[in-house]
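Protein chains get the first letters and strands the later ones, always in sequence-line order, with residue 1 at the start of each. These values consider heavy atoms only, across backbone and side chains, with no hydrogens, waters or symmetry-generated copies.
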Protein chains: 2
Amino acid sequence: MPDLSIDVVAKAAGVHRSTVSRAFSRPEAVKSETREHILRVAEGLGYTMSPLAQALRKKTSTFIPLIVPDITNPFFAELAKTMTQAADERGYQLLLCVTNGDPAKTEGYFIAMQAMYAPFGIVAPSTKVDTEALKRFDFGHKVVVIDRVEGDDAVPTVTVDSRRGIMLALDHLHALGHTSIGYVSGIAGTHTAQDRMDAYLELSAESGSAPVVLDSGSDLDAGTRGAEHFLEMEKPPTAIIAANDMVAFAVISALGKSGVRVPEDVSVIGFDGLALGARFNPPLTTIRQPIADMGHIAIELAEKQNIDGSVDHIVLEPELLVRASTSGPRK
Amino acid sequence: MPDLSIDVVAKAAGVHRSTVSRAFSRPEAVKSETREHILRVAEGLGYTMSPLAQALRKKTSTFIPLIVPDITNPFFAELAKTMTQAADERGYQLLLCVTNGDPAKTEGYFIAMQAMYAPFGIVAPSTKVDTEALKRFDFGHKVVVIDRVEGDDAVPTVTVDSRRGIMLALDHLHALGHTSIGYVSGIAGTHTAQDRMDAYLELSAESGSAPVVLDSGSDLDAGTRGAEHFLEMEKPPTAIIAANDMVAFAVISALGKSGVRVPEDVSVIGFDGLALGARFNPPLTTIRQPIADMGHIAIELAEKQNIDGSVDHIVLEPELLVRASTSGPRK
DNA sequence: ACTGTTATTGCAACCGATCTCAGCAACCGA
DNA sequence: TCGGTTGCTGAGATCGGTTGCAATAACAGT
């Protein structure tokens, strides 16, 4: 491939390189006849513009960083999946940035994205700290966050209604006849995690039953500890709400090791709606978040903000997904 | 940030921009005194070089595409995780490319990576077709493949010894007293998937027991179908080897729905060693692949090839990871 | 003191586009 | 017929670095 640059196309088409440039990026500025000729020639040569050169000159690239704490967590993986798709459709390339929950890394990625002329970035924060960091960077480069951001309306966000989700879970369990419902907190120190917990506390108080927080930790082992706690109780709840599917998996797994069966002995409901849940043992009843929508919406929000400066906060509706990990309480 | 370019640093340090450039990228070519001064000034200004500009001029970037069929599959997610880490350490940025098993997309990414001046790419193919595509592109840009490549020694690969893995699984099961061991095939139409299956066929024949392939499909539902098949047999095997952990999950889940318990009624062993397996119900016994190593090695191989043109084929050793999904056969 | 390295640094072209400005032809109304 | 638009294309500077080459300084050797 003899280095296909805009100049060789220009020569081949018998026009100046600026005309070729226009033929691609501002078609209406070129006589249609000329344009088609150029495009045809380019096509024939198999020419595509260099995104690098474009980015350098235009000071805006097509690289969009997706900053997640852990791609190994299926929630973020599913997010990444829909995101790549949405990105592809619009000609962006996703840069995968994994922070491992280290705020320093997050900041590192922020500065990198500036250097990269990223038009915007998507952040799925692992802790509130990440969102704090946002403020320190007076973004010329915009960011949209998959979480709530504390008292900051300057950054677009997309989330699902945590309260509503917990309500759906509680209603489902109540309908099955459960009255004593425990809770195991989530993996993350995000606002979302906190919101779910708060909702649980409030809503169960409202319904008259005493909340039973089995574990309020924020690490991967919350599920395991929650299960241990459960096993130690003399009068354990008959159902458990897990702050997210991963935790639910851990709870069920740990319970299983001690011979406690789900849903026969205790019902467990998750929160996320991971595809994986369908293949769990037993298939997990859960509150589904519209993850696929979140990816698309996040990118739309970012683009919108880039254009008209609007900052939206989208709150999506979760829905109950009944599979097999919940049933009526043991008599 | 008043657009920090190399020229402003040069001015601030009182030298020419080429000297600044050298101070960063070829330190030995600058008097140490000068260099340190420049670096200090740059530091003070918070200057970093533009990867875009560098890439454009040098015709080699730090973007390295990671091409996977499905990031939602935890195996690829874990791969991506170690990969980002390895990439970060060496100053690369990972471009996440998800093909969904569509060879056309794979090709698209190949051409994109040329345009991006990617120094190399990592491909975890979903089908043999992907590796075929490799050949059509007479790579100036190198690729390393996480799979075997049919009769082509021109591309570096890293894999784990499938045969050895299956052998470990078989031995484990035999040691527990199983004599009738079924097999459910994997997700992918890769060489790896095929190798595992072939190994199973050969090795069980050698050990004198008739192979029982419960399902040889290559899609996500292989596990479910395998389980169905199992349930229909009048004399089903007492243990099942799944070609990978995801399939094992599906098998156990499907079996569970029909009241078949693991490992009480049947033992199941996976292949991958996903972290997720530890939180499955029951925790999954499996053949562990050193995924973390694979990521690092892949990148090392690529760099090595770039430098001295060497093409290596690394084969890693799998190991048995006993958790709780296997036990002695039911009497 | 004179010439031949060697170590440093400056110069300027170049990577592959974009974009402002200027030039030119066709077109319009008066 | 002439100034004024309008439409389209070419020139050339520019984005932020890199690099071969030339220039200068410093240092040896004789």
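- For D312(B) (side chain) and I314(B) (main-chain N/O), no donor-acceptor pair under 3.5 Å exists by modelled atom type.
- Within the nucleic acid shown, R26(B) has no heavy atom closer than 4.0 Å to any nucleic acid atom.
- Between L52(B) atom CG and dG16(D) atom C1' there is a gap of 9 Å when expressed in whole angstrom units.
- Side-chain N/O atoms of K59(A) include none lying less than 4.0 angstrom from OP1 or OP2 on dT14(D).
- Note on F24(A): nothing from the nucleic acid sits closer than 4.0 angstrom, heavy atoms only.
- Taking a cutoff of 4.0 Å between a charged side-chain nitrogen and a carboxylate oxygen, R35(B) and E28(B) do not qualify as a salt bridge.
- Atom NE2 of H16(B) is separated from atom P of dG20(D) by 16 Å (rounded to the nearest Å).
- The base of dG10(C) sits with one of its N or O atoms less than 3.5 Å from a complementary donor or acceptor on the side chain of R22(B).
- The phosphate of dC15(C) has neither OP1 nor OP2 within less than 4.0 Å of any side-chain N or O from S50(A).
- Distance from the side chain of R57(B) is smallest to dT19(D) among dC15(D), dT19(D), dT9(C).
- In this structure, the side chain of N306(A) does not engage the main chain of F120(A) through any donor-acceptor pair within 3.5 Å.
- Using a 4.0 Å heavy-atom cutoff across all strands shown, V20(A) reaches no nucleic acid atom at all.
- The backbone N or O of L274(A) lies less than 3.5 Å from no partner atom in the side chain of E78(A), so there is not a single donor-acceptor pair.
- OP1 and OP2 of dG17(D) both lie 4.0 Å or more from every side-chain N or O belonging to S21(B).
- A55(A) comes within 4.0 angstrom of no nucleic acid atom, judged by non-hydrogen atoms across all strands.
- Per the geometry, NZ belonging to K11(A) stands 13 Å off P belonging to dG10(D), to the nearest Å.
- In this structure, the nucleotide among dG17(D), dG16(C), dT18(D) sitting nearest to the side chain of K58(B) is dT18(D).
- A straight line from OH of Y117(B) to C1' of dC14(C) spans 12 Å, rounded to a whole angstrom.
- Residue-level contact check: T48(B) touches the backbone only, with heavy atoms under 4.0 Å from sugar-phosphate atoms and none from bases.
- If you measure from atom CZ of R17(B) to atom P of dT14(D), you get 12 Å, rounded to the nearest angstrom.
- Using a 4.0 Å heavy-atom cutoff across all strands shown, S18(B) reaches at least one base atom of the nucleic acid.
- Summarising the geometry, the separation between NZ on K31(B) and P on dC27(D) is reported as 10 Å, rounded to the nearest angstrom.
- For dG16(D), the OP1/OP2 oxygens have no side-chain nitrogen or oxygen of Q54(B) closer than 4.0 Å.
- Pairing for dT18(D) goes to dA13(C), judged as Watson-Crick or G-U wobble with the two contacts each under 3.5 Å.
- If you take CG of D7(A) and P of dT18(C), they are 12 Å apart, rounded to a whole angstrom.
- Of all nucleotides listed (dT9(C), dT18(C), dC15(C)), dT9(C) comes nearest to the side chain of T19(B).
- Rounding to whole angstrom units, CD of residue E33(A) and P of dT9(D) are separated by 9 Å.
- Atom NE2 in H296(A) sits 8.5 Å away from atom CG in D293(A) (nearest 0.5 Å).
- For the OP1/OP2 pair of dT9(C) and a distance below 4.0 Å, the side-chain nitrogens and oxygens of T34(B) include at least one atom meeting the criterion.
- Between atom OG1 of residue T82(B) and atom CD1 of residue I297(B) there is a gap of 9.5 Å, rounded to the nearest 0.5 Å.
- As the counterpart of dA25(D), dT6(C) is assigned, both hydrogen-bonding distances of the Watson-Crick or G-U wobble pattern falling under 3.5 Å.
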